[in-house]
Amino acid sequence: MRVAVPLLRVAALTVAVAALVARSRCAVVTGTCLGTNLFSYFTIHSTVLLVLALVLALAHHALRGGEPPWLTALRALATTYVLVSGIVFTVMLLNAELFGHLFLVPRSSQVLHFVLPVYALLDFLVGPGRHRLRLSTAWAAMVYPVLWSLYTLARGRLVGWYPYFFLDPDRVGGYTAVGVYAMGVSALIVVVAVGVTAATRLPTPAPGPGLLSRARRP
């Protein structure tokens with residue numbers, strides 16, 4: 001487990017970065033989409049946060065043999081966000097005809113919405129050195145989505161583009177409908193965050209000694 005988890009994290013990082021690079025080709029290579037639009041997607045933000053959390057987890061486990069509580073909280077938030085992104089995308093995909101929206105799912109999008117959420121959850125459950133978190137972490141998970149939603153609505157009104165159709169008042173029938181969708185997604189975030197936070201009560205493998213810990217030994 002002490003060897004398998006770091007190897008899997010390196011593999012997940014490689015896949016995640018490759019998917020992000022492939023997803024950004026339309027902005028930086030072909031010029032078929034705007035970079036400001038592409039990087040306004042919550043899925044992109046959550047994946048970048050997951051990459052950061054995995055890099056920090058690898059570094060802490062290699063150097064110190066464990067992780068501080070704040071890193072467990074960061075991993076919990078990243079796991080929550082990628083899971084929510086995957087769940088929302090799956091619901092929209094399964095109900096595409098009902099929503100009247102065409103979904104294109106290239107390989108990079110499949111990785112971001114399906115593969116990484118499953119991996120993130122498994123990594124959070126079996127990764128060594130996880131700390132027990134307070135349930136207040138679940139409410140803290142709402143801070144960034146709220147800020148992102150305010151930014152998205154304000155920018156959408158200015159430029160006439162929204163990353164997700166349910167945030168576009170002109171497409172769903174006004175801001176009341178947007179509010180209903182937002183409340184549904186908010187409830188989903190809280191439920192997933194509570195589940196992820198509660199999972200920190202489960203047993204976890206003890207971390208092995210890191211390089212710094214070994215160096216301190218007489």
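By convention here, the first residue in the shown sequence is residue 1. Because only heavy atoms are used, hydrogens play no part in the values below, and waters and symmetry mates are left out as well, while side chains stay in.
Partner Val194 forms a side chain to side chain contact (heavy atoms under 4.5 Å, CB included) with one of Thr197, Val192, Val190 and no other, that one being Val190.
The shortest heavy-atom contact between Val51 and Ala16 is CG2-CB, 3.8 Å. In terms of heavy atoms, Val82 sits closest to Ala120 at CG2-CB, 3.6 Å. The two residues Val111 and Ala19 make their nearest non-hydrogen contact at CG1-CB, 3.8 Å. Closest approach of Leu125 to Ala199, counting heavy atoms only: CD2-CB, 3.7 Å.
For the pair Phe42 and Pro163, the minimum side-chain heavy-atom distance is 4.5 Å or more. Residues Pro128 and His61 are in side-chain contact: their nearest non-hydrogen atoms beyond the backbone lie under 4.5 Å apart. Side-chain contact between Phe165 and Met92 is present, with heavy atoms from C-beta onward closer than 4.5 Å. You'll find the side chain of Leu83 reaches within 4.5 Å of the side chain of Val196, heavy atoms only. Counting only heavy atoms from C-beta outward, the side chains of Ile44 and Leu112 approach each other to under 4.5 Å.
A search for side chain to side chain donor-acceptor pair (under 3.5 Å) contacts involving Tyr41 returns nothing, not counting sequence neighbours. Looking at residues two or more places apart in sequence or on another chain, you find a side chain to side chain contact (heavy atoms under 4.5 Å, CB included) between Ser186 and Met142. Judged as a salt bridge (charged side-chain N to carboxylate O under 4.0 Å, His left out), and not counting sequence neighbours, Arg23 has no contacts. Annotation: salt bridge (charged side-chain N to carboxylate O under 4.0 Å, His left out) contacts of Asp123 (sequence neighbours excluded): Arg9, Arg75. Every residue meeting the side chain to side chain contact (heavy atoms under 4.5 Å, CB included) condition with Arg155, not counting sequence neighbours, appears here in chain and number order: Thr36, Asn37, Ser40, Tyr151, Val159, Trp161. The side chain to side chain contact (heavy atoms under 4.5 Å, CB included) check on Arg157 picks up Tyr162, Pro169, Asp170, Tyr175, with sequence neighbours excluded. Residues passing the side chain to side chain contact (heavy atoms under 4.5 Å, CB included) test with Ala140, sequence neighbours excluded: none. Looking at residues two or more places apart in sequence or on another chain, you find no side chain to side chain donor-acceptor pair (under 3.5 Å) involving Thr200. Shown here are the side chain to side chain donor-acceptor pair (under 3.5 Å) partners of Thr43, two or more places apart in sequence or in another chain: His113, Tyr164. Listed by chain and number, the residues in a side chain to side chain donor-acceptor pair (under 3.5 Å) with His45 are Tyr144 (sequence neighbours excluded).
With hydrogens and angles disregarded, a donor-acceptor distance shorter than 3.5 Å links the side chain of Thr137 to the backbone of Arg134. Within the 3.5 Å criterion, the main-chain N or O of Ala141 finds a donor-acceptor partner in the side chain of Tyr81. A side-chain donor-acceptor contact under 3.5 Å links Arg201 to the backbone of Leu133.
To the nearest 0.5 angstrom, Leu74 atom CG is 6.5 Å from Trp70 atom CH2. Taken from CZ in Phe166 to CG in Asp168, the straight-line distance is 11.0 Å, to the nearest 0.5 Å. To the nearest 0.5 angstrom, Leu188 atom CG is 10.0 Å from Thr80 atom OG1. Leu202 contributes atom CG, which lies 10.0 Å from atom CZ of Arg132 (distance to the nearest 0.5 angstrom). Rounding to the nearest 0.5 Å gives a distance of 10.5 Å between CG of Leu54 and OG1 of Thr14. Between Leu167 atom CG and Ser149 atom OG the span is 6.0 Å, to the nearest 0.5 Å.
In the hydrophobic clustering of ILVMFWY residues, with side-chain heavy atoms under 4.5 Å counting as a link, Leu153 and Leu158 come out together. In this structure, Val146 is a member of the same hydrophobic cluster as Val88, with clusters built from ILVMFWY side-chain heavy atoms closer than 4.5 Å. Cluster membership for Leu52 and Val48, using ILVMFWY side-chain heavy atoms within less than 4.5 angstrom, is shared. Follow the hydrophobic side-chain contacts under 4.5 Å out from Val185 and you reach Leu150 in the same cluster.
The other members of the hydrophobic cluster of Leu122, by chain and number, are Val118 (side-chain heavy atoms under 4.5 Å, ILVMFWY only).
Counting only residues at least two apart or in different chains, ring-ring contact (aromatic ring centres under 6.0 Å, His included) contacts with residues 114-143 comprise Phe89-Phe114.
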